[in-house]
Amino acid sequence: MSLQGEIIKQLGVKPEIDPAAEVRRRVDFLKEYVVKSGTTGLLIAISGGVDSAVATGLCKLATDELSAETGKEYITLGVFQPYGEQVDIADSYAVAEALGLKHRVETNIQEAVDEITLEAEHSLKAIGISRHLSRGGKGNVKARTRMVTQYALAFELNLLVVGTDHASEAITGFYTKWGDGAVDITPLSTLNKRQVRQLAAVLGVPETVITKAPTAGLWEGQTDEQELGITYDENSDYLEGKQVSDAAREKLEKQFTRTAHKRDPIPGI
């Protein structure tokens with residue numbers, strides 16, 4: 001089997017999907033896990049991008065159906081987590097409105113992130129390194145602070161934290177270890193980016209969110225494709241077993257190998 005075939009098999013991506021059937025399968029998956037876990041629902045951070053919008057739609061359907069079927073209240077809590085002023089925060093609220101999400105809260109992470117950053121810089125200075133955290137280093141602090149906040153809320157409300165990572169991110173390792181990669185359940189993990197967008201259309205996600213440039217929102221002007229140097233169309237083609245350029249193949253396979261530590265269990269002896 002080629003490396004491409006091995007990667008596709010490991011990540012579980014299908015060459016094509018029935019979007020409506022995939023929505024149904026993933027909603028059932030969420031419902032089963034919520035009941036099994038004894039929790040009262042799901043928590044999802046709504047970034048304003050298509051991935052979190054699709055995850056929100058799946059969560060909302062799952063908890064609505066559980067409430068109707070059991071007579072108990074199950075909720076989906078949407079959490080908006082800007083750092084200071086988020087230029088596209090309106091997209092997060094538009095997703096919540098479009099999907100009829102009643103339970104939602106905004107938690108601004110700026111003060112917490114800045115304090116952690118300052119403490120880290122003081123620690124660097126104490127060992128003789130006088131400099132600010134790198135842009136990537138502070139970006140990781142943002143991602144991990146978001147998850148700390150999510151888990152604090154989830155603990156108090158007995159909710160499961162839902163992740164938005166999917167196969168197009170997994171192949172490149174394009175997520176923060178112990179940040180957005182640290183969750184309880186991932187309903188999108190075997191979909192590529194193209195397929196996530198297909199589910200978005202079925203779920204009623206606003207078109208402006210489906211078509212916007214994907215970004216992790218870790219610094220101003222950042223976009224996924226620019227940072228990775230490869231388009232999501234090429235990424236999705238590769239994961240569907242299609243032919244891609246040699247440059248795209250090499251970049252994807254190199255990223256997959258380099259970021260294996262993010263996908264592997266914690267090593268021990």
Side-chain angles (χ1 to χ4, degrees), residues 2-19 22 26 45-57 86-88 91-92 94-95 135-136 139-140 142-143 163-177 179-181 186-203 205-260 262-263:
S2 67
L3 180 54
Q4 182 179 9
E6 291 176 6
I7 291 172
I8 292 169
K9 182 178 179 181
Q10 181 174 327
L11 298 181
V13 181
K14 299 176 182 177
E16 58 183 37
I17 62 167
D18 176 338
E22 289 297 329
R26 292 160 201 279
I46 306 176
S47 68
V50 67
D51 303 336
S52 67
V54 169
T56 300
Q86 180 179 321
V87 294
D88 63 347
D91 287 336
S92 298
V95 166
R135 185 172 66 172
N140 285 343
K142 291 178 182 178
T164 65
D165 293 335
H166 49 74
S168 286
E169 292 179 337
I171 190 174
T172 57
F174 197 70
Y175 56 90
T176 300
K177 196 173 184 179
D180 50 321
T186 54
L188 309 180
S189 59
T190 56
L191 299 171
N192 64 35
K193 190 74 169 187
R194 179 181 294 137
Q195 294 166 346
V196 170
R197 289 187 173 121
Q198 290 173 350
L199 265 64
V202 171
L203 290 165
V205 173
E207 185 67 20
T208 52
V209 173
I210 296 175
T211 58
K212 73 187 290 189
T215 173
L218 298 180
W219 55 80
E220 187 176 354
Q222 183 267 341
T223 67
D224 297 359
E225 292 180 328
Q226 183 181 52
E227 189 172 347
L228 288 167
I230 189 168
T231 68
Y232 274 121
D233 279 341
E234 292 172 307
N235 180 311
S236 296
D237 282 345
Y238 181 93
L239 288 169
E240 291 169 8
K242 299 174 182 175
Q243 290 293 322
V244 297
S245 69
D246 290 342
R249 177 187 300 276
E250 183 179 347
K251 187 165 289 188
L252 286 167
E253 293 177 352
K254 183 177 180 180
Q255 279 288 107
F256 183 79
T257 301
R258 187 176 68 82
T259 61
K262 291 188 175 185
R263 297 178 300 272

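None of these values were measured; they are calculated from a predicted model.
For the pair Glu169/Asp51, a side-chain contact is recorded, criterion being any heavy-atom separation below 4.5 Å from C-beta on. You'll find the side chain of Arg263 reaches within 4.5 Å of the side chain of Phe256, heavy atoms only. Side-chain contact between Glu250 and Val244: absent, with no pair of heavy atoms (C-beta onward) separated by less than 4.5 Å. Considering only heavy atoms from C-beta on, Lys193 comes within 4.5 Å of Val50 through its side chain. At least one side-chain heavy atom of Asn235 sits under 4.5 Å from a side-chain heavy atom of Leu252. Using a 4.5 Å heavy-atom threshold, the side chains of Tyr238 and Ile171 count as touching. The shortest side-chain heavy-atom distance between Gln255 and Ile230 does not fall under the 4.5 Å cut-off. Within the 4.5 Å cutoff, the side chain of Lys242 has no heavy atoms near those of the Pro15 side chain.
Side chain to side chain, Arg258 and Thr172 fail the donor-acceptor criterion of an N or O pair below 3.5 Å.
Summarising the geometry of Gly181 relative to Asp165, their closest heavy-atom pair is CA-OD2, 3.4 Å, with the distance given to 0.1 Å. Here the shortest heavy-atom pairing between Ala167 and Val13 reads CB-CG2, 3.3 Å. Residue Thr164 comes nearest to Ser52 through the heavy atom pair CG2-CA, 3.6 Å, listed as atom of the first residue, atom of the second, then distance. Taking every heavy atom of both residues into account, Ala94 and Pro206 meet most closely at O-CG, 4.1 Å. Gly163 and Ala55 make their closest contact through O-CB, 4.4 Å (heavy atoms, listed as atom of the first residue, atom of the second, distance).
For the atom pair CD1 (Ile7) and OG1 (Thr257), the distance works out to 6.5 Å, reported to the nearest 0.5 Å. The CD atom of Gln195 lies 8.0 Å from the OG atom of Ser168; values are rounded to the nearest 0.5 Å. Residue Asp91 holds its CG atom at 9.0 Å from OG of Ser47, rounded to the nearest 0.5 Å. Atom CG of residue Asp180 and atom CZ of residue Phe174 lie 9.0 Å apart, to the nearest 0.5 angstrom. Taking NE2 of His166 as the reference point, atom OG of Ser189 lies at 11.0 Å (rounded to 0.5 Å). Separation of atoms CD1 (Ile17) and CZ (Arg194) is listed at 10.5 Å; rounding is to 0.5 Å.
Scanning for side-chain contact (heavy atoms from CB on, under 4.5 Å) contacts around Glu207 gives Ile210, Thr211, with sequence neighbours left out.
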| request: Please test Thr259 against Lys177 for side chain to side chain contact (heavy atoms under 4.5 Å, CB included), starting from the C-alpha separation and ending with a verdict. | output: CA-CA 10 Å; Thr259 61; Lys177 196 173 184 179; over 6 Å; no
- Given Val54 and Arg197, is the side chain to side chain contact (heavy atoms under 4.5 Å, CB included) satisfied, shown in steps? CA-CA 8 Å; Val54 169; Arg197 289 187 173 121; over 6 Å; no
Task: Pair Leu239-Leu11, side chain to side chain contact (heavy atoms under 4.5 Å, CB included): steps then yes or no - done: CA-CA 9 Å; Leu239 288 169; Leu11 298 181; 3.9 Å; yes
- Might you work through the side chain to side chain contact (heavy atoms under 4.5 Å, CB included) test for Arg249 and Gln243, ending with a clear yes or no? CA-CA 9 Å; Arg249 177 187 300 276; Gln243 290 293 322; 3.9 Å; yes
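Applying the salt bridge (charged side-chain N to carboxylate O under 4.0 Å, His left out) test to residues at least two apart or on different chains, the pairs with a partner in residues 7-17 are Lys14-Glu22.
Between the side chain of Lys262 and the main chain of Gly173, a donor-acceptor pair closer than 3.5 Å is present.
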